[in-house]
Peer 1: 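Let me give you the structure first, and then I'll get to my questions.
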Amino acid sequence: MQVNEFKPKIVAFCCNWCSYAGADLAGSNRLAYPAEVKVIRVPCSCRVNPMFILRAFQRGADGVIICGCHPGDCHYTSGNYYTRRRMALLFSMLDYLGIEKGRTRVEWVSAAEGAKFAQTMNDFVQTVTALGENKRLEDLRCKK
Amino acid sequence: MNNINEALIPAVCEIVAIRQDTPDVKTFRVLTPDGKKPFIHKPGQCAMLSMPGVGEALFSITSSPTNKEYIEFSIKKCGCVTEWLHAAEVGQQITVRGPYGNGFPVETEFKGKDMLFIAGGIGLAPVRSVINYVRDNRANYGKVDIVYGSRSKDDLVFFEEIINEWKNDPTVNVHLTIDREQEGWDGHVGFVPSYVKELGFDSNKTAVLCGPPIMIKFTLQGLAELGFSNEQVFTTLELRMKCGIGKCGRCNVGSKYVCKDGPVFRMDQLEELPDEY
Amino acid sequence: MQKINREVLINKANELLSNGTINRVFGWEKGDFSYDVTPTIYFTADQMNKKFIFDDFCGANFSKYLVAETKKDQNKVGVFLKPCDTYSFNQLLTEHRFDKEKVYAIGVPCDGMVDEKKIKAFFGEGISSITSEGDEIIVDTLYDGVKKVKKADVLQERCQNCKSKKHVYYDELIGEDGEVLDSNRFDEVEKLEKMTADERFAFWQNELSKCIRCNACRDVCPACTCEKCVFNNPNSGVENKSPANEFEEKMFHIIRAFHVAGRCTDCGECSRVCPQGIPLHLLNRKFIKDINSFYGNYQAGEQEGSRAPLTNYTKEDLEPSEAVNKGDN
Amino acid sequence: MRKCLLQNQNKLFDQISSFASLYIPVETTGGNASFKKYEQGMVMSDVLKTDRSPKDLFFPQTENLMEFKTSGKNIEVIDNRKESEDFVVFGVRGCDVKSFEVLDRVFLVEPVDTYYATRREHGIIVSMACGRPAETCFCQTFGIDASAPEGDIVCYKTEDALYLDAKTEKGKNLLSKLADVTEESDGKEALKQKEQIKTVLAKLPLANLKADSFGKDKTKEFFDAPEWQILSKSCLGCGTCTFVCPTCQCYDIKDFKTKDGVQRFRCWDSCMYSEFTKMSAGQPRLTQLERFRQRFMHKLVYYPTNNDGLFSCVGCGRCISKCPISMNIVKVMKALGGIDNE
């Protein structure tokens, strides 16, 4: 085994009503997902300001994933529809600036989908690991 | 303490005692980590205190230079640095640089004069330094009158000191006032400017004035009515500052830099400046 | 057709000022050189006779000034609006930034504004005068005598790719109205999209590293009318007067572009005022282009009261993952 | 005076950069240039004015002052400046050279700003006479001669050669190290060019702009002038003029939390910004009028009052070409000085 294996830092914004509960379920079902994923609970996926994502990258994240209720199931009726539009535009913009598109993702995970949560995280960590360290949206002051 | 060549690099100091003066004013006693007084200052000068990551701000030094043991800052909670300081505990280190500013002309223009100190609220902080300096060099000055007022009895800073030391000093006349009637208060009630007029001081005194802008404005009118000229009245200014050494440009008013040429100004000097303070 | 010149506009303003419709009017003011035109406000026709100008350098858009100006008193303010300015005007109305009853908008025609930076790129410094004659610009230089250049070659980028000559709002129109044009404004964006991610990264790195964070783009932007900007708020974590490193340069521009996404009318003021010549419009246009292709064509400011794409949704919107992969096929 | 043929120009640069960092103006996009660190093969731009002034090299836009480490209640202050090395700035125009004198009088008076002082000490300035001054130039207003700039070495560029004339010890020292890429010259060509420049300068549109009505102790005269109202009317409150200005020196000190400590840095600030003077107790300059007035009063009155009448403007004209709304110090001077611009 390699000693210096790259372990990415992943920030996962999870909506309180679905995805966070999904993460809980993954935990109680003993479904493993990588410890590199740091979950941040938000009231709704649409609480995630694009600035949060940039700040996460600034502070050393290698990937950022946003999880919310499935479209149509939002606790606040329509929050995740707005998330969908915002993130579509933001991710497209990041891509336009030459930032690797694998570093950002939106997934819909319901409270019953513990397995999907674990699967999504495993998959995302794999993608980001393959991309390597985040070099294009980094703030060296935070990395020393 | 500071290497004079490294004006922007602060020294580490330690808060050795904290005293709650009023609900929103605390007095911090500051020493170097090895227990020495951080620097020698003149009454009315200021110093930059900072907590890395929180910010840096300029505060007037409340203790008198005649105090050989420590320096003190009385700080009212009103912004992010002050809020952080209010939450700090004894033993906390902070960084200090200074002293900055000109200070009061205690060895020149004040010498031999009858002194009248007028302060409102936290405005007593810089004035306390001069009052104690004058008390400790009593022979050099004439009569001393102090007029101090604040919103309520609880908002009078240094209350203990005023009652136990200043009031007991036979060479000092202390006049206290609060804005509104309050239970347990048998002193004067009313605003500082009108109290000053009521007391009707001789116009041969030298006045030192510090407090909120509105108090300064009306007290000045009162003093003028009593026959004081602008050359007899001193005050200290407050502006946003970053460097403390007259370079960052923030506290520039007219051709003066408040941090370097001030904060103490004589009223006639102030009149020369554009009205932007 | 009557030539719309300075005198026509002064006469119109004079008429409105003297019949009491308005008591002041925004207009352009002549500078020391041929190109340094300043937006200002006139109270009398006399002032206008002295200083008013209407030529190839009147690029400044007055719409944003109206937000503050209309709050001052109850009188009506006059304003000259070029076609592209009317889009900003309409967008501000949509966002309830000022009361249109307090404004009298005079639509004026525009056949493209000239960019003096382009002229200087052609002839260098030392320009004593610039005049236009038909489709030619005649430049008198200090060192090389009189030079001529095609106007089309020295137009501002936004005018070369003009999206519309049509006024979408006016109380009164001077001259004849134009049409919405079929412009090539997205060509440059497409060119970038076709590059590899590495090339795009290098392009933006080079451009954005020039930024000095003077905030001119924000301060001139008619969509940036927040009373307290996130970049002025020390607690936002993004307040920095000057970018400390490459990250902050990028972050500032991404956030700014995002904040105006769906509201940006593509007036191009940001690129015009940038002292470092950064093509900021390419960021805004990317959003406009994406919005058009993801959610259907939308032109901010075209219609007063229209619902902006980012405050709207449909149940069938595409997924973010589809959005980023759209260009791949 | 030494002469370096233009075909040897890059040899000269290579030579300098072999023992010191060299900064030269390099063309970026059409007609724009900025000072960049010389690397082999770079071409020196003839563009008159770089986008930003070379003040960057002495007073950078952002600069780390120190670092802090905190643990528990303890703080450690770390001054992590490294030993400075000599550097050469080549091709500084006369106005920009003068701007260093203006900055010196701020940063080098007691207490000295050591960050700036070190750079000044190690920086060698090779100035460049302005062969083709622009219409926006008005350095003459402030007594600066673009045909004979100051600096450690003065350089004249003719059609085929650079003429280098050392003016200070630092300059002589540098020139002596360049003996094998330069040759001795009588400097007649340089003198000829100097005369040429003089005739051009006299013809510039702003040649007759006078600053006489401003200066020391004129605060009362101008502070309440009604003209400020209309001049500041359309000011956007951006910081363009202050950031491109070679003499603007206001700065802010801020902290940044790094991974395991705090970095205290300073960055340029602008008196045009609304929060420049804002403090918890209030805001002394509430409107753009006051902020606008502060900038020009400082350049034309306050600074001269403190500095023997020296103006804090060198007439480089950058604000003229960069201001989004084309308001600038020339318009202010004309309006306040009673000269109606037609």
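Chain naming here is simple, since letters A, B, ... match the order of the sequence lines and numbering starts at 1 in each.
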Peer 1: Determine, stepwise, if the pair R105(A) / S321(C) fulfils side-chain contact (heavy atoms from CB on, under 4.5 Å).
Peer 2: CA-CA 7 Å; R105(A) 188 180 292 186; S321(C) 55; 6.0 Å; no

Peer 1: Between E248(C) and chain A, with a heavy-atom cut-off of 4.5 Å, which part of the residue counts as in contact: side chain, backbone, both or neither?
Peer 2: side chain

Peer 1: Testing the basics here: between M51(A) and S236(C), what is the closest heavy-atom pair and its distance to 0.1 Å?
Peer 2: CE-O, 4.5 Å

Peer 1: If we define contacts as heavy-atom pairs under 4.5 Å, which of I66(A), L137(A), L89(A), V106(A) has the most with chain C?
Peer 2: L89(A)

Peer 1: By a 4.5 Å heavy-atom criterion (distance strictly below it), what part of L90(A) contacts chain C: side chain, backbone, both, or neither?
Peer 2: both

Peer 1: Please report the closest heavy-atom contact between A244(C) and R141(A), naming both atoms and the distance.
Peer 2: CB-NH1, 3.3 Å

Peer 1: Indicate the atoms forming the closest heavy-atom contact of L94(A) with I254(C), along with that distance.
Peer 2: CD2-CD1, 3.9 Å

Peer 1: Around atom NZ of K166(C), are there more than 12 heavy atoms of other residues, nucleotides or ligands at under 6.0 Å?
Peer 2: no

Peer 1: How many angstroms lie between CG in L97(A) and NZ in K286(C), if you round to the nearest 0.5 Å?
Peer 2: 9.5 Å

Peer 1: Quick one: which of V189(C), N312(C), L318(C) has the most heavy-atom pairs under 4.5 Å with chain A, could you say?
Peer 2: N312(C)

Peer 1: What's the spacing between Y313(C) OH and R86(A) CZ if we round to 0.5 Å?
Peer 2: 12.5 Å

Peer 1: With a 4.5 angstrom heavy-atom cut-off, is it the side chain or the backbone of K315(C) that approaches chain A, or both, or neither?
Peer 2: both

Peer 1: Establish, yes or no, whether the cationic atom of R136(A) lies under 6.0 Å from the six-membered ring centre of F201(C) and within 45° of the ring axis.
Peer 2: yes

Peer 1: Only pairs of heavy atoms separated by less than 4.5 Å count here; which of A261(C), P309(C), G262(C) has the most with chain A?
Peer 2: P309(C)

Peer 1: Dump the intermediate steps for side-chain contact (heavy atoms from CB on, under 4.5 Å) on V238(C) and L54(A), then the final yes or no.
Peer 2: CA-CA 10 Å; V238(C) 290; L54(A) 295 174; over 6 Å; no

Peer 1: Quick one: does E319(C)'s side chain get under 4.5 Å of P71(A)'s, heavy atoms only?
Peer 2: yes

Peer 1: Among F247(C), F203(C), W204(C), who wins on heavy-atom pairs under 4.5 Å with chain A?
Peer 2: F247(C)

Peer 1: Could you report the tightest heavy-atom contact between F294(C) and A88(A), atom names first, then the distance?
Peer 2: CE1-O, 4.2 Å

Peer 1: Which bit of D198(C) comes within less than 4.5 Å of chain A, counting heavy atoms only: side chain, backbone, both or neither?
Peer 2: both

Peer 1: Is V230(C) close to chain A through its backbone or its side chain, or both, or neither, when contacts mean heavy atoms under 4.5 Å?
Peer 2: side chain

Peer 1: Consider side-chain hydrogen bond (donor to acceptor under 3.5 Å, both in side chains). Of T311(C), T314(C), D317(C), which one does R85(A) pass it with?
Peer 2: D317(C)

Peer 1: Whether the side chain of Y96(A) engages the backbone of L282(C) through a donor-acceptor N/O pair (distance < 3.5 Å, no angle test) should be reported.
Peer 2: yes

Peer 1: Are there more than 12 heavy atoms of other residues, nucleotides or ligands under 6.0 Å from atom NZ of K289(C)?
Peer 2: yes

Peer 1: Which answer fits Q58(A), side chain, backbone, both or neither, if we ask what part of it has an atom under 4.5 Å from a heavy atom of chain C?
Peer 2: both

Peer 1: Considering residues, nucleotides and ligands other than E304(C), do more than 12 of their heavy atoms fall under 6.0 Å from its CD?
Peer 2: yes

Peer 1: For the side chain of K101(A) and the backbone of V324(C), is there at least one donor-acceptor N/O pair under 3.5 Å apart?
Peer 2: yes

Peer 1: Hey, which of Q205(C), M251(C), E193(C), E199(C) has the most heavy atom pairs under 4.5 Å with chain A?
Peer 2: M251(C)

Peer 1: Where does R84(A) contact chain C at under 4.5 Å (heavy atoms): side chain, backbone, both or neither?
Peer 2: both

Peer 1: With a 4.5 angstrom heavy-atom cut-off, is it the side chain or the backbone of L310(C) that approaches chain A, or both, or neither?
Peer 2: both

Peer 1: Between D95(A) and R200(C), does a side-chain contact (heavy atoms from CB on, under 4.5 Å) hold up when you go through it step by step?
Peer 2: CA-CA 9 Å; D95(A) 177 43; R200(C) 280 198 298 270; 3.1 Å; yes

Peer 1: State whether the number of non-hydrogen atoms from other residues, nucleotides or ligands found under 6.0 Å of E246(C) atom CD is greater than 12.
Peer 2: no

Peer 1: Given a strict heavy-atom distance threshold of 4.5 Å, which part of E316(C) is in contact with chain A: side chain, backbone, both, or neither?
Peer 2: backbone

Peer 1: Considering only NZ, NE, NH1 and NH2 on the basic side and carboxylate oxygens on the acidic side, decide whether K250(C) and D139(A) come within less than 4.0 Å.
Peer 2: no

